Engineer: 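I have a structure I would like to understand better, so I am pasting it below and will then ask my questions one at a time.
Just so it is clear, the model here is predicted, and its values are computed rather than measured. Atoms within a ligand are numbered from 1 in the order they appear, just like the ligands themselves.
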Amino acid sequence: MSLSPSRVFAELNAARPPDQAAPMMGTAVVVGGSVAGLLAARVLSDHADSVVIIDRDDPQVSGARPGVPQGTQLHALLPGGFLQLERLFPGFRDEAVAHGAVEAPPEARRNYLDGRPKVVVPDDADSLAGSRPLLEGLIRQQVLRLPNVKTVTARATGLVFDGTVVTGVRCDVGGVPGVERGDLVVDAMGRSSRLSDWLEQAGWERPVTRRMTVHLNYATALFRRPEVAPASTVVMALHTPTTAVDVAGAAFFAIEDGQWMTMMAGYGNDRPGRTAEDFVRRLREQFPPEFGEVADQEMLGDVQTYHHADSRRRDFHALDRFPAGLVSVGDAVASFNPVYGQGMTAAALHAVCLSTYLRSGPDLRTPARHFLALQKVVVDAAWSLSTSADLALPHVDGPYPRGHRLSSWASRQIIAATVTDVTTARRFNEVVSMREHPRTLARPGVLLGALRANRRAR
Ligand SMILES: Cc1cc2nc3c(=O)[nH]c(=O)nc-3n(C[C@H](O)[C@H](O)[C@H](O)COP(=O)(O)OP(=O)(O)OC[C@H]3O[C@@H](n4cnc5c(N)ncnc54)[C@H](O)[C@@H]3O)c2cc1C
């Protein structure tokens with residue numbers, strides 16, 4: 001099915017959940033109760049009599065948990081994702097703020113590039129800042145309020161088939177094997193999802209997995225935040241590879257409980273900030289003074305590190321044969337270099353794809369091709385943003401997509417123009433926050449505008 005990516009993306013971004021529930025199946029089973037699984041469950045609650053979320057972690061446990069090892073690291077919610085959360089859960093912002101999330105309107109966000117303020121035009125959309133467990137916990141709270149959604153604490157171990165249709169999930173519930181039956185099964189098991197293995201074991205083809213190796217090293221630490229309402233709540237600073245500093249970037253966000261969450265990242269063998277001393281020293285010496293002021297506060301707990309080897313995507317859409325009654329969402333399909341903050345927003349857009357698909361009244365006894373085609377548009381968009389930026393890093397050596405030289409030249413022109421040209425900056429912000437498709441930047445008028453702005457700036 002050939003779809004215009006820009007149009008599909010625009011429609012997904014404009015879509016709203018149905019006003020009234022329209023059940024078309026008995027039970028939907030979601031494997032993985034993290035952000036992607038919870039958002040899928042929210043959408044499924046409109047179309048199923050009941051929704052069962054299976055996760056190996058107990059949903060009552062708040063805070064960092066083993067099933068989401070990245071949960072201790074700083075998580076940015078892009079304005080595109082925030083917009084979707086507010087649509088899926090009207091009133092989300094107010095409830096989040098009541099639970100400690102901090103509002104991050106455009107005037108409270110600051111960006112630096114190589115030590116200098118970066119974009120003259122900040123993104124004009126709102127967002128929120130909070131720890132990853134807070135954001136995930138808020139979404140879970142909203143989903144579990146839905147009367148037809150329940151959770152089961154169990155480890156999923158495989159699929160149950162009836163011919164070419166998936167009809168359930170095998171589970172291990174505290175050492176006891178069981179089965180959760182469903183008319184639609186959603187894999188939301190994250191980037192380590194075993195779905196490809198399960199398909200292969202049942203005689204289906206595995207999807208091709210594409211990778212871009214980035215070897216990113218994260219370090220995150222919490223500091224006490226004395227100001228209740230600081231002027232800047234989200235501050236980010238990037239270093240281009242041309243600088244001599246081995247820290248690719250750092251950021252600090254105001255989060256719940258009077259804390260600053262501060263992150264530092266490096267690539268390859270650069271592992272900045274692994275000890276408290278190193279973390280504090282670098283914040284003071286290698287970043288604008290605001291970072292030093294945060295570092296002057298009391299550090300709360302230890303520095304938490306995380307190594308992210310690669311971005312990866314599984315091309316389910318390209319399989320000739322795919323079972324009916326099955327879809328995959330979130331990181332299980334594609335996970336990206338986290339510095340671009342796309343994961344939760346991509347998961348929200350996958351949920352919107354699911355909603356659009358289910359509203360089209362599909363026959364669940366046939367493969368969900370329409371869903372896969374919609375989702376491919378979202379995955380392609382996020383993947384192209386993430387990997388084209390990664391390919392500009394000196395240690396990343398491919399794979400290069402067709403037309404890479406031309407597209408990277410065009411990207412460089414547009415990024416340079418964001419510093420001086422309001423129109424280009426606005427368009428660029430909409431793309432990186434996933435409210436517009438990257439192809440909108442490739443329109444001749446946009447590129448010409450950027451070239452003119454760069455000439456004026458010279
Ligand atoms: C270091 C780092 C920083 C990041 N920063 C950002 C950011 O700034 N902004 C952003 O939007 N995204 C960020 N991300 C990405 C973000 O964490 C994910 O995209 C987001 O959590 C959606 O993931 P998910 O729900 O698909 O999977 P996950 O969050 O990984 O959850 C998978 C779930 O599946 C469960 N599970 C797995 N296997 C089984 C099984 N067999 N049986 C039962 N349950 C199972 C797990 O317990 C878990 O709950 C970052 C990622 C990393 C690694």
Engineer: Is a donor from one side chain sitting under 3.5 angstrom from an acceptor on the other, for S311 and N337?
Structural biologist: no

Engineer: Which atoms of ligand 1 are found less than 4.0 Å from any heavy atom of G190?
Structural biologist: 27 (O), 30 (O), 32 (C)

Engineer: Answer yes when D126 and R93 have at least one side-chain N-carboxylate O distance shorter than 4.0 Å, and no when they do not.
Structural biologist: yes

Engineer: Going by distance only, is there an N or O of V68 that falls short of 3.5 Å from an N or O of ligand 1?
Structural biologist: no

Engineer: Hey, is R281 close enough to E277 for a salt bridge, meaning N to O under 4.0 Å?
Structural biologist: no

Engineer: Any chance you could measure T220, atom OG1, to D302, atom CG, to the nearest 0.5 Å?
Structural biologist: 12.5 Å

Engineer: Quick one: which ligand 1 atoms are inside 4.0 Å of a heavy atom on Y218?
Structural biologist: 1 (C), 3 (C)

Engineer: Should A154 be listed as contacting ligand 1, given a heavy-atom distance under 4.0 Å as the test?
Structural biologist: yes

Engineer: Do any N/O atoms on Y306 end up under 3.5 angstrom from N/O atoms on ligand 1?
Structural biologist: no

Engineer: State plainly whether the residues R282 and D246 are in salt-bridge range, i.e. N to O under 4.0 Å.
Structural biologist: yes

Engineer: I need the D380 CG to Q375 CD distance, nearest 0.5 Å.
Structural biologist: 10.5 Å

Engineer: OG1 of T262 to CZ of F291: how many Å apart, nearest 0.5 Å?
Structural biologist: 8.0 Å

Engineer: Could you find the nearest protein heavy atom to atom 17 (O) of ligand 1 and give me its residue, atom name and distance?
Structural biologist: H75 NE2, 2.8 Å

Engineer: State whether the number of non-hydrogen atoms from other residues, nucleotides or ligands found under 6.0 Å of R191 atom CZ is greater than 12.
Structural biologist: yes

Engineer: Would you find more than 12 non-hydrogen atoms of other residues, nucleotides or ligands less than 6.0 Å from R224 atom CZ?
Structural biologist: no

Engineer: I want to confirm something. Looking only at heavy atoms, which of L74, T157, L78, T72 is nearest to atom 5 (N) of ligand 1?
Structural biologist: L74

Engineer: Check whether any N or O atom of Q73, backbone or side chain, sits under 3.5 Å from an N or O atom of ligand 1, and answer yes or no.
Structural biologist: no

Engineer: If you measure from each non-hydrogen atom of M344 to ligand 1, which part falls under 4.0 Å: side chain, backbone, both or neither?
Structural biologist: both

Engineer: Need the ligand 1 atom indices (1-based, order shown) with element for anything under 4.0 Å from a heavy-atom of G32.
Structural biologist: 34 (O), 35 (C)

Engineer: Taking only heavy atoms of G330 into account, list the atoms of ligand 1 that are under 4.0 Å away from them.
Structural biologist: 26 (O)

Engineer: Surrounding CG of D58 (heavy atoms of other residues, nucleotides or ligands, distance under 6.0 Å), is the total greater than 12?
Structural biologist: yes

Engineer: Taking 4.0 angstrom as the limit and counting only heavy atoms of A36, give me the atoms of ligand 1 inside it, by number and element.
Structural biologist: 24 (P), 25 (O), 26 (O)

Engineer: Within the supplied structure, the quantity of interest is the number of heavy atoms (other residues, nucleotides, ligands) at a distance under 6.0 Å from R116 CZ; does it exceed 12?
Structural biologist: no

Engineer: List the closest protein heavy-atom neighbour of atom 26 (O) of ligand 1: residue, atom name, distance to the nearest 0.1 Å.
Structural biologist: D331 N, 2.8 Å

Engineer: Nearest heavy atom to atom 20 (C) of ligand 1: which of E136, H308, R132 does it belong to?
Structural biologist: R132

Engineer: If we set the cut-off at 4.0 Å for heavy atoms, which region of R65 has an atom near ligand 1: side chain, backbone, both, or neither?
Structural biologist: side chain

Engineer: Using a 4.0 Å cutoff against the non-hydrogen atoms of Q342, which atoms of ligand 1 qualify?
Structural biologist: 11 (O)

Engineer: Pick, from A188, A346, G37, the option with the minimum heavy-atom distance to atom 33 (C) of ligand 1.
Structural biologist: A188

Engineer: Please check if the number of heavy atoms outside R439 that lie under 6.0 Å from its CZ is greater than 12.
Structural biologist: no

Engineer: Just to confirm my output: which protein heavy-atom neighbour is closest to atom 3 (C) of ligand 1, and how far is it?
Structural biologist: P338 CB, 3.3 Å

Engineer: Flag D55 as yes when one of its N or O atoms lies below 3.5 Å from any N or O atom of ligand 1, and as no otherwise.
Structural biologist: yes

Engineer: Under the side-chain contact (heavy atoms from CB on, under 4.5 Å) rule, what do L138 and F92 come out as? Steps first, then yes or no, please.
Structural biologist: CA-CA 8 Å; L138 285 163; F92 184 84; 4.0 Å; yes

Engineer: What is the closest protein heavy atom to atom 30 (O) of ligand 1, and at what distance does it sit?
Structural biologist: Q70 NE2, 3.5 Å

Engineer: Where is the nearest protein heavy atom to atom 40 (C) of ligand 1: which residue, which atom, and how far?
Structural biologist: A156 N, 3.7 Å

Engineer: Specify the protein heavy atom at minimum distance from atom 44 (N) of ligand 1: its residue, its atom name, and the distance to 0.1 Å.
Structural biologist: R56 N, 3.3 Å

Engineer: Nearest non-hydrogen atom to atom 29 (O) of ligand 1 belongs to which of G80, S34, A76?
Structural biologist: S34

Engineer: By the definition side chain to side chain contact (heavy atoms under 4.5 Å, CB included), identify the one residue from Q73, H75, E136, M261 that meets it with S131.
Structural biologist: M261

